[in-house]
Amino acid sequence: MFDRPSDPDAYVTLMASLPDSERLFVAKRPPLSRLRLDRRLKALAPEDAETLRLMEEALALRHYRLDTEDAEVTRRARRAMDHVTQPALRAILRDRMEIRTVIAALRRRRAGEAPPPPGWGHGRFSRRIIAHWAEPTFGLDPVFPWLREAHGLLEQDDALGFERLVLTVTERLMRRHGAGHDFDIEAVVIYVLTWNIYDRWARTNAEAASRRFNALAEAALAGHDAQLAKS
Amino acid sequence: MNELVLTLGWLGIYAPVALGAAASAIGCSIAGQASIGAMLETEGGYGRFVGISALPSTMVIYGIVIMFTLNREVTPANAGGLFGVGFMSAISLYYTGLWQGRACASAINAAKEKPEIFGLSLAPAAIIEGFAVFAFVFALVISAGIPS
């Protein structure tokens with residue numbers, strides 16, 4: 001069942017009809033809406049559409065609510081891992097879940113929580129994280145060189161910077177796994193997952209802009225109120 | 001035994017056309033699909049995309065020329081030579097056509113984003129064409145040594 005090679009030319013038309021994923025991050029306006037992307041994705045074979053659905057369900061943050069429990073995350077990851085046969089996609093699933101685990105650990109520790117119980121988290125580093133709970137990077141510097149910066153941003157309460165760092169790291173990971181996949185199902189899934197990162201990136205920027213606007217408006221109104229009070 | 005040897009001889013004569021045609025069909029199909037996709041995303045330059053899609057069609061032409069060069073009365077003395085030259089050149093044309101199609105598809109995919117790299121993006125496809133020309137030319141040269 002596993003390690004089934006995929007057809008390298010299965011989705012030539014589909015991939016050629018999508019804007020380059022790097023353009024997603026530099027464009028001022030979104031070059032591709034979700035509606036248009038979904039319309040193009042109708043070209044997927046049913047089996048591949050299911051693969052994409054399960055991968056997105058496990059990895060795309062827009063499919064999670066804030067109160068989604070760890071057990072549900074684990075269930076979705078396992079379901080995707082059971083279904084997906086392409087080695088590159090399985091590696092993406094594993095790596096993304098490991099990144100998510102280490103980020104969750106950073107957040108838990110920042111919130112002052114105790115080390116999680118054994119069996120918590122995904123992938124190869126869960127036990128190491130629990131064993132090195134007190135260390136800033138859980139002793140995982142060689143594996144995740146960005147972890148020290150992430151720890152620093154969390155310590156400074158720079159939520160936006162932290163979010164951007166995580167998105168950048170994830171996007172880099174997707175680009176690395178995408179090498180050698182141009183027109184196959186792996187390329188399609190990687191593109192859609194990258195689109196999700198872009199979507200999250202755009203939302204983060206919009207939220208930051210909104211917060212900045214509100215702060216400026218409040219500052220301006222405060223000055224105005226002070227002048228009114230004087231007069 | 002002789003019948004088998006003669007059959008292999010005929011296989012060698014026709015293989016370059018058969019596999020050359022298959023290579024051109026597959027290569028043009030892959031590159032053609034990319035050009036159709038690129039047309040959905042771009043506002044112009046469609047002719048260029050279609051032009052690139054036709055590049056792998058040269059494989060069948062090489063195959064036809066090799067077939068005419070090899071075409072002669074097949075005897076037990078020359079069947080082995082005809083099979084070796086014809087079949088191996090056919091395999092070479094098949095793979096160069098297939099991969100040239102993929103290279104063209106990548107060129108189209110890249111050129112739709114950056115029209116300024118259109119010429120440069122064709123370099124891999126042109127290099128692959130060069131390898132097909134090697135197989136073609138040396139098939140003609142070596143076939144001169146096969147007895148009639």
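So you know, we letter chains A, B, ... as the sequences are listed, proteins then strands, and number each from 1. Just so you know, these numbers use all the heavy atoms, side chains as well, and skip hydrogens, waters and symmetry mates.
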query: Counting only heavy atoms not in A:Arg78, do more than 12 sit closer than 6.0 Å to its CZ atom?
result: no

- request: List for me each residue that meets salt bridge (charged side-chain N to carboxylate O under 4.0 Å, His left out) alongside A:Glu56, sequence neighbours excluded, and say none if there are none.
  value: A:Arg34, A:Arg62

- line: Value for CG (A:Leu18) from CD (B:Glu113), rounded to nearest 0.5 Å, stands at 9.5 Å

message: Within the supplied structure, the quantity of interest is the number of heavy atoms (other residues, nucleotides, ligands) at a distance under 6.0 Å from B:Phe118 CZ; does it exceed 12?
response: yes

query: For B:Phe87, does the CZ atom sit with more than 12 other heavy atoms under 6.0 Å from it, leaving out its own atoms?
result: no

message: Is A:Tyr11 in contact with chain B via its backbone, its side chain, both, or neither, using a 4.5 Å heavy-atom distance?
response: neither

- prompt: Taking atom OH of B:Tyr46 as the centre, does the number of heavy atoms from other residues, nucleotides or ligands within less than 6.0 Å exceed 12?
  reply: yes

message: Rounded at 0.5 Å granularity, tell me how far CZ in A:Arg36 sits from CG in B:Leu40.
response: 9.0 Å

- line: Heavy-atom nearest pair, A:Pro19 first then B:Glu41, reads CB-OE2, 3.5 Å

- prompt: chain A contacts: which residues in residues 64-78 of chain B have a non-hydrogen atom closer than 4.5 Å to it?
  reply: none

message: With a strict 4.5 Å heavy-atom criterion, list every residue of residues 6-34 of chain B that contacts chain A, or say none.
response: B:Ile30, B:Gln33, B:Ala34

- line: Among residues 100-109 of chain B, residues within the sub-4.5 Å heavy-atom range of chain A, in order of number, are B:Arg102, B:Ala105, B:Ser106, B:Asn109

